[in-house]
Amino acid sequence: MKRISLSKLAFLVITVASLLPFFDAVADDKTCVIKSDMAKVYITVWDDDSDGDRQGKIFEGWLESGERQTIKSQTGYIDFSYKLADDDRSYGDNFKTCSGGNTIRVP
């Protein structure tokens with residue numbers, strides 16, 4: 001039976017252990033991308049808890065047509081509203097999951 005030297009075994013263990021935090025980070029990734037599809041839009045994004053209750057505001061601003069904004073959520077759930085002009089009414093209560101870099105398209 002062939003034996004593995006202690007130094008080779010230590011190298012293998014250290015290499016595998018160094019990759020574990022990377023896999024945790026990917027599994028806990030609570031990011032998504034808001035994309036303006038057809039028009040310039042003003043977007044406001046809040047974190048939501050799992051019951052749909054708004055938490056803190058995490059983004060507010062204009063996105064040009066085709067522009068993307070990466071959102072980092074604390075909870076993995078977001079609520080957003082948007083409007084197409086300064087004097088337009090706001091279209092709100094849009095609840096979405098924010099995880100794994102998913103894209104959320106806004107009109």
Side-chain angles (χ1 to χ4, degrees):
M1 187 159 122
K2 199 171 187 182
R3 300 180 92 181
I4 297 176
S5 72
L6 186 57
S7 62
K8 287 181 181 177
L9 181 61
F11 176 77
L12 180 64
V13 168
I14 291 170
T15 302
V16 169
S18 69
L19 293 175
L20 291 177
F22 172 74
F23 291 117
D24 268 350
V26 170
D28 291 339
D29 183 28
K30 295 176 183 162
T31 61
C32 54
V33 176
I34 303 284
K35 181 180 181 225
S36 173
D37 260 355
M38 300 183 306
K40 180 178 174 180
V41 293
Y42 189 83
I43 301 175
T44 307
V45 182
W46 296 268
D47 255 325
D48 262 2
D49 63 17
S50 58
D51 293 326
D53 297 322
R54 282 186 183 171
Q55 306 298 304
K57 188 184 301 183
I58 53 179
F59 175 77
E60 185 173 23
W62 286 99
L63 293 181
E64 296 292 334
S65 178
E67 187 176 0
R68 299 169 176 263
Q69 175 66 43
T70 300
I71 302 294
K72 175 71 173 148
S73 172
Q74 296 295 314
T75 62
Y77 303 99
I78 61 168
D79 178 12
F80 68 94
S81 65
Y82 67 92
K83 60 184 179 177
L84 301 175
D86 283 328
D87 59 350
D88 192 13
R89 78 174 199 84
S90 182
Y91 302 93
D93 293 331
N94 300 288
F95 302 100
K96 298 288 182 180
T97 302
C98 183
S99 65
N102 62 312
T103 299
I104 299 167
R105 298 178 187 281
V106 180

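Between the Asn102 side chain and the Thr97 main chain, a donor and an acceptor come within less than 3.5 Å of each other. In this structure, the side chain of Thr75 engages the main chain of Asp48 through a donor-acceptor pair within 3.5 Å. Although no hydrogens or angles enter the test, the distance criterion places no donor-acceptor pair under 3.5 Å between the side chain of Asp51 and the main chain of Asp53. Looking only at distances, no side-chain donor or acceptor of Asp47 sits under 3.5 Å from a matching main-chain atom of Ile78.
The CG atom of Asp49 sits 4.5 Å away from the CD atom of Gln55 when rounded to the nearest 0.5 Å.
Tyr91 approaches Asn94 most closely through the heavy-atom pair O-ND2, 3.1 Å. The shortest non-hydrogen separation linking Ser99 to Cys32 is N-CB, 4.4 Å. Across Arg89 and Lys83, no two heavy atoms sit closer than the pair O-CB, 3.4 Å. Closest approach of Gly76 to Lys30, counting heavy atoms only: N-CD, 3.7 Å.
Here the side chains of Ile34 and Leu63 are in contact, with some heavy-atom distance below 4.5 Å. Taking the side chain as every heavy atom from C-beta outward, Thr103 and Arg68 approach each other to under 4.5 Å. Counting only heavy atoms from C-beta outward, the side chains of Trp46 and Ser81 approach each other to under 4.5 Å. At least one side-chain heavy atom of Ile104 sits less than 4.5 Å from a side-chain heavy atom of Phe80.
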Exercise for review: In sequence, state the C-alpha distance, the side-chain angles, and the governing distance for Glu67 and Val41, and then conclude on side chain to side chain contact (heavy atoms under 4.5 Å, CB included).
Suggested key: CA-CA 10 Å; Glu67 187 176 0; Val41 293; over 6 Å; no
Point to revise | Ile43/Glu60 under side chain to side chain contact (heavy atoms under 4.5 Å, CB included): CA gap, chis, key distance, verdict | key: CA-CA 6 Å; Ile43 301 175; Glu60 185 173 23; over 6 Å; no
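For Tyr77, the OH atom sits in a loose shell: 12 or fewer heavy atoms of surrounding residues, nucleotides or ligands are nearer than 6.0 Å.
Hydrophobic clustering (ILVMFWY, side-chain heavy atoms < 4.5 Å, transitive): Val45 and Leu84 are in one cluster.
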